[in-house]
Each structure stands twice: as C-alpha cells, then as structure tokens.
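Working notes, structure below.
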Amino acid sequence: DKTIINNLKNSITHFHEKNMDKLLKKNIDKNFFPTNDIIHLKKKKIDIIFFTIGTSIPSFPKDFKLNNFFKIINNIIDVFGKNPVYCLRTTIPVGTTDKLVKKYNNKLKIAYVGERIMEGNAIMEEKTLPKIIGTYEDQTYKILKSYFNSIGGKIIRTSNTKTAEFCKLVDNSYRSTIFAFANDIALCAENNGIDVYEVIQNVNYNYKRNNVSKPGFVSGYCLGK
C-alpha cells in the first residue's frame, strides 16, 4: 500500500497504538525503512524476515484461503534465498509452516512464532509476554532467541512448528471461550431478572478457583480464526 508507506516515511501511522508515534519518529530512516521495492532490499544484509500477512476468517466448514499468503511468501523467498530466517507470525491452520518446510526440502531456516499481543497495548506486551518459538533447526532457534531476547519476555521453544501454531490457536480459542461463557450467563441472568455483575462479583470474591470475566464484546481480528 503506497499511501501507508508514504505516510510511514513521514512518521504518520495509520492506526492508533500507544507510543507508536514516538517509536516511529525515533527509528525512521535509521533502522526502519518502509518500502515496496523488494529488489532494493536485496542489497541490504537481512537476518530475519517476519511475515504478518493477513488471512481471511473462514466460514465453517470452509477452510482458510491461503493462496495469496503462500504467493507473497514464495515471491520473497525467491528474492532472498537461503540466508535469512523466515518467521511466520500470522494466525494460520496447523501444518501451514510445515508445507513451506517441505516445499523447500528443509533447506531454509523457517519458524513460527505466534503473535499474542493485544491491540492498544501491543508495544508493552511485545516487551513482556513470552514468545513461543517453533522450529526444527537449532541455528534458526538461536537467531530468533537472540532477537526476541533484545525485546524482552521469556522464550519458550516447542518441539516443532505445528505445536507452536496450535499454541496460538489455543490462545485464541481459550480467550473466546471465556467471553462466550460470560455472555451466556449474562443472557441467563437477564432472563431471570438477575444482575449478572453482582453474581460475578460474588462468585469471584476470595474464591481462587473462579476468575469469571465480565460480559461484553469479543475483540481481536484473529480470535475468530
């Protein structure tokens, strides 16, 4: 998107994120270079390429449409070859990363590190939340571990990429389930003339086995996946 790229070059963000403007102004043209010229980037030394490509939310029983997802990744791999680590952070079906590993005959450094941050507090959470890294190569893991250590948060290594992908989906599903439960009891309470907020406050008070959330909207684009 050329408009977004031009705005970023002028330190203008296209979404609200706490402290993002400050970070952008600090790093633009120093170690942050927005561009849509992939060939130009080939001249630079690149250690890691992160893919944050959006995927559509499938309607059951249909599956994800990943043609565009793979097209973009394959185009970039064709340009940069074997040297960088290719790290996927998108919410994807279990086994997606393995398809790339298989296609390139285990000759590329490929990993999956699910993005777990919450919009509006993303910068702080990226600095503090654990990073779950799924990869098959020790060298790939060491490179990513070193990178994420410089940001912050514990590092967790899974036995393979499928496990890391599954962890991300469990994060989403668990959070959705929490809100679904809260909304269900809110409906039941309303039907019986009961104040659900009073109920939640009472059942949570000094009872460690309960942590019932308040009802409300479920936010987060990736949760629906």
Side-chain angles (χ1 to χ4, degrees), residues 15 17-20 23 46-58 63-66 69-70 72-74 76-77 80 82-104 106-181 211 213 218-225:
F15 57 88
E17 185 64 54
K18 191 165 53 180
N19 295 324
M20 180 64 79
L23 268 180
I46 295 177
D47 300 309
I48 310 169
I49 296 178
F50 291 101
F51 293 102
T52 57
I53 306 163
T55 54
S56 61
I57 298 179
D63 204 347
F64 279 72
K65 295 178 180 178
L66 295 175
F69 177 83
F70 282 119
I72 295 170
I73 292 176
N74 290 329
I76 291 177
I77 289 175
F80 294 102
K82 298 179 182 179
N83 291 326
V85 168
Y86 296 100
C87 182
L88 280 59
R89 301 208 75 186
T90 305
T91 306
I92 46 179
V94 173
T96 302
T97 310
D98 277 354
K99 290 180 180 178
L100 282 172
V101 173
K102 185 177 180 181
K103 177 176 180 179
Y104 293 98
N106 295 309
K107 293 181 180 178
L108 296 181
K109 297 186 283 291
I110 299 176
Y112 181 83
V113 183
E115 174 267 297
R116 311 174 78 194
I117 52 181
M118 184 172 67
E119 188 175 339
N121 197 35
I123 294 171
M124 180 56 65
E125 289 201 341
E126 191 70 278
K127 291 178 179 180
T128 56
L129 289 180
K131 313 298 185 297
I132 300 175
I133 299 176
T135 186
Y136 293 96
E137 288 199 354
D138 291 339
Q139 182 61 22
T140 302
Y141 171 71
K142 288 178 182 177
I143 293 170
L144 287 172
K145 181 182 179 183
S146 175
Y147 174 80
F148 283 116
N149 274 338
S150 70
I151 296 173
K154 297 281 187 180
I155 304 297
I156 303 168
R157 184 178 185 180
T158 61
S159 53
N160 51 53
T161 60
K162 289 174 73 174
T163 302
E165 292 167 342
F166 197 78
C167 286
K168 169 59 178 168
L169 296 176
V170 168
D171 278 341
N172 292 358
S173 302
Y174 181 65
R175 189 163 175 79
S176 291
T177 302
I178 289 172
F179 288 114
F181 176 77
N211 187 23
S213 295
V218 178
S219 62
Y221 178 68
C222 65
L223 292 190
K225 302 178 187 181

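All figures in this text were calculated on a predicted structure; none of them were measured in a lab.
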task = Evaluate the side-chain proximity of Ile155 to Pro130: yes if any heavy-atom separation is below 4.5 Å, no if none is.
result = no
key: Minimum side-chain heavy-atom gap Ile76-Phe80 below 4.5 Å   = yes
Would you be so kind as to tabulate the donor-acceptor pairs closer than 3.5 Å made by side chains of residues 146-154, with sequence neighbours excluded?
from	atom 1	to	atom 2	distance (Å)
Asn149	ND2	Lys145	O	3.2
Ser150	OG	Tyr147	O	2.4

note = Rounded to the nearest 0.5 Å, the OG1 atom of Thr91 sits from the CD1 atom of Ile57 at a distance of 9.5 Å
inquiry  = Let me confirm one number: the SG-CD1 distance from Cys167 to Ile132, rounded to the nearest 0.5 Å.
reply    = 4.5 Å
task = Please indicate whether Phe166 has more than 12 foreign heavy atoms, meaning atoms of other residues, nucleotides or ligands, lying under 6.0 Å from its CZ.
result = no
note = Minimal heavy-atom distance between Thr158 and Gly134, with the atoms involved, is OG1-CA, 3.2 Å
request  = Answer yes or no: is there a side-chain heavy-atom contact under 4.5 Å between Tyr112 and Thr96?
outcome  = no
key: Backbone of Thr90 reached by a side-chain donor or acceptor of Thr55 within 3.5 Å   = no
request  = Assess whether side-chain contact (heavy atoms from CB on, under 4.5 Å) is satisfied between Tyr136 and Asn106, documenting all intermediate values.
outcome  = CA-CA 9 Å; Tyr136 293 96; Asn106 295 309; 5.6 Å; no
key: Over all atoms of both residues, closest heavy-atom pair of Glu137 and Leu108   = OE2-O, 4.2 Å
ask   = Just wondering, do Glu119 and Glu125 contact through their side chains at under 4.5 Å, heavy atoms?
value = no
ask   = Got a sec: does the CZ of Phe70 have more than 12 other heavy atoms crowding it under 6.0 Å?
value = yes
ask   = Does the side-chain contact (heavy atoms from CB on, under 4.5 Å) test come out yes or no for Phe50 and Tyr86, once each step is laid out?
value = CA-CA 6 Å; Phe50 291 101; Tyr86 296 100; over 6 Å; no
ask   = Can you pull the side chain to side chain donor-acceptor pair (under 3.5 Å) pairs that have at least one residue in residues 161-172, sequence neighbours excluded?
value = Thr97-Glu165, Asp98-Thr161, Arg116-Asp171, Asn160-Thr163, Lys168-Asn172
message = Can you give me the closest heavy-atom contact between Ile117 and Glu126, atom names plus distance?
response = CG2-N, 3.7 Å
task = Look up atom CD1 in Ile133 and atom CD1 in Ile156, then write down how far apart they are to the nearest 0.5 Å.
result = 9.5 Å
remark   = Separation between CG (Leu88) and CD1 (Ile49), nearest 0.5 Å, reads 11.0 Å
query = What pair of heavy atoms forms the shortest contact from Ile123 to Lys18, and how long is it?
reply = CD1-O, 3.2 Å
remark   = All heavy atoms of Glu17 vs all of Ala122, minimum pair found to be OE2-N, 2.7 Å
key: Flag side-chain contact, heavy atom, 4.5 Å: Ile77 against Tyr104   = yes
key: From Ile143 atom CD1 to Tyr141 atom OH, the distance as rounded to the nearest 0.5 Å   = 13.0 Å
request  = Report the C-alpha distance between Asn74 and Leu100 in whole Å, list the side-chain angles of each, state the deciding distance to 0.1 Å, and finish with yes or no for side-chain contact (heavy atoms from CB on, under 4.5 Å).
outcome  = CA-CA 9 Å; Asn74 290 329; Leu100 282 172; 3.9 Å; yes
query = If we only count heavy atoms from C-beta on, is the Asp47 to Pro84 side-chain gap below 4.5 Å?
reply = no
Taking every non-hydrogen atom, the tightest pair across Leu169 and Ile92 = CD1-O, 3.9 Å
remark   = Taken in chain and number order and not counting sequence neighbours, the residues that satisfy side-chain hydrogen bond (donor to acceptor under 3.5 Å, both in side chains) with Asn83 are none
key: Tyr174 atom OH, over 12 foreign heavy atoms within 6.0 Å   = no
message = Is the shortest side-chain heavy-atom distance between Ser213 and Ile178 below 4.5 Å?
response = yes
inquiry  = Quick check against the 3.5 Å criterion: does Arg89 have a side-chain atom that pairs as donor or acceptor with the backbone of Val113?
reply    = yes
message = Quick check for you: to the nearest 0.5 Å, what is the distance between Lys131 atom NZ and Glu115 atom CD?
response = 11.0 Å
